[in-house]
Amino acid sequence: MNYSFYATLVWGWMAIGVATFFYLLRQDAPYGRHTRPGWGPTIDNRLGWFLMEFPVVVVFLLVLTRSETPVAGVIPLFGGCFLFHYLHRSLIFPLRLRTAGKRMPWLIVFSAICFNLVNGFFLGYFFAHFADYPADWWTDIRFISGQVLFWLGLGINWQSDNILIHLRKPDTTGYSIPRGGLFERVSCPNHFGEMLEWTGFALMTWSLPGLAFAVWTIANLAPRALAHHRWYQAHFPDYPKARKALIPFVL
Ligand code: NDP
């Protein structure tokens, strides 16, 4: 596939991401607290998370290792960041969740597998065939600021998910008001952190598939954070008034 055809596909994929953003603003994705009947057969929540997230590891590695030129320079680091996130998300995160007995629709699992496979393919293909970074990319401001954002975002995401997971005693499934960390400022710092992370990845890789992945992450998570925020306000009369939904002091 030549770059021009590849780029057309990625732009098309990004356009679908933008459309998805507007769709999700009107229709809350039906998993977690927004689960509701009418979305077809369901699957155990933890198994669903594993099935949604693990295939991207396989596809990314398969595509990347078919490169005809050695994968060198900054590219192994980019691949390492991507795989680090997804190995945690697919293998460790599901085991830590306290969602005993909860289920999610197969439709969500299937959509997420497609989303991850397409992103994993586009990123792996870019690194295997088109990426061409100068030798001094390590000192480029885009690389450095992207790295800072990526690890900062990952830290916020992990810390916030950790706080959420520990709100429940094992084998319970209720909800309470999260406190501590960035929860003092926003309802969904885990989503905010994830958005920072992939924005950083887009910046450090300075690539079209990196941008597409960041756009898709925002498309998935910004509407979800707004929906969570509304849900907290509707369910907890004492919900902190100054807390924003997603971006501290802004939104
Ligand atoms: P949520 O914040 O909805 O839930 C995270 C976990 O914490 C769930 O197990 C949830 O339980 C539990 N939880 C949340 N709030 C409370 C509360 N107030 N009291 C008790 N337990 C609570 O996160 P998501 O499920 O949306 O996402 C999980 C992770 O996956 C996040 O890190 C997110 O950034 C990432 N993600 C990334 C996407 C991307 O496009 N890159 C897309 C979607 C998610 P329950 O499930 O029962 O509600």
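Keep in mind the model is a prediction, meaning the values are calculated, not measured. Indexing begins at 1, ligand by ligand and atom by atom, following the structure's order. Both backbone and side-chain heavy atoms feed into the values below; hydrogens, waters and symmetry mates do not.
One N or O on the side chain of Thr8 and one on the backbone of Ser4 form a donor-acceptor pair closer than 3.5 Å. Under the 3.5 Å distance criterion, the side-chain polar atoms of Arg168 are matched with a main-chain donor or acceptor of Thr173. At least one donor-acceptor pair under 3.5 Å links the side chain of Thr205 to the backbone N or O of Phe201.
Comparing heavy-atom distances from atom 11 (O) of ligand 1 across Arg168, His235, Lys102, Arg98 singles out Arg168 as nearest. With atom 48 (O) of ligand 1 as the reference point, the heavy atom nearest to it among Phe183, Tyr175, Tyr232, Tyr86 is part of Tyr175. With atom 35 (C) of ligand 1 as the reference point, the heavy atom nearest to it among His34, Arg89, Arg33 is part of Arg89.
Two rings, from Trp158 and Phe84, have their centers less than 6.0 Å apart. The aromatic ring centres of Trp13 and Trp216 sit less than 6.0 Å apart. Aromatic rings of Tyr175 and Trp231 (six-membered ring for Trp) have centroids within the 6.0 Å cut-off, being under it. Ring to ring, Phe122 and Tyr125 are not that close: their centroids are 6.0 angstrom or more apart. Taking the centre of each ring, Tyr133 and Phe143 stay at or above the 6.0 Å mark.
Numbered from 1 in the order shown, with element, the atoms of ligand 1 that lie under 4.0 Å from a heavy atom of His191 read 23 (O), 24 (P), 26 (O), 27 (O), 33 (C), 34 (O). Atoms of ligand 1 found under 4.0 Å from any heavy atom of Leu97, numbered from 1 in the order shown, are 9 (O). Applying the 4.0 Å criterion to heavy atoms of Phe115 picks out, from ligand 1, the atoms 40 (O).
If you check which protein heavy atom lies closest to atom 19 (N) of ligand 1, you get Ser176 N, 3.2 Å. Atom 3 (O) of ligand 1 has as its closest protein heavy atom His228 NE2, 2.7 Å. Atom 4 (O) of ligand 1 has as its closest protein heavy atom Leu164 CD1, 4.4 Å. Among protein heavy atoms, the minimum distance from atom 2 (O) of ligand 1 is reached at Asn190 ND2, 2.9 Å. Here the heavy atom of the protein found nearest to atom 26 (O) of ligand 1 is Arg224 NE, 2.5 Å. Nearest protein neighbour of atom 40 (O) of ligand 1, counting heavy atoms only, is Asn220 ND2, 3.0 Å. Looking from atom 38 (C) of ligand 1 to the surrounding protein, the closest heavy atom is Leu221 CD2, 3.8 Å. Shortest contact from atom 46 (O) of ligand 1 to any protein heavy atom: Gly32 CA, 3.5 Å.
In terms of N/O distances under 3.5 Å, ligand 1 is not approached by Trp49. Here's the thing with Asn45: none of its N/O atoms is less than 3.5 angstrom from an N/O atom of ligand 1.
Under a 4.0 angstrom heavy-atom cut-off, Ala219 registers as lying outside contact with ligand 1. The closest approach between any non-hydrogen atom of Phe213 and ligand 1 is not below 4.0 Å.
Between His229 and Tyr239, the ring planes are perpendicular. Angles over 60° get that label, and only those under 30° would be called parallel. By the 30° and 60° cut-offs, the orientation of the rings of Tyr31 relative to Trp49 is perpendicular.
With a 4.0 Å heavy-atom cut-off, ligand 1 is reached by the side chain of Asn157 but not by its N, CA, C or O. Here Asp161 has side-chain heavy atoms under 4.0 Å from ligand 1, and that is the only part of it that gets that close. Both the backbone and the side chain of Thr217 come within contact range of ligand 1, each with a heavy atom under 4.0 Å.
No salt bridge links Asp44 with Arg46; every basic N to acidic carboxylate O contact stays at or beyond 4.0 Å.
Checked by atom type, the side-chain pair Glu194/Trp198 shows a donor-acceptor distance below 3.5 Å.
One finds the CG atom of Asp161 at 7.5 Å from the NE2 atom of His88 (value rounded to the nearest 0.5 Å).
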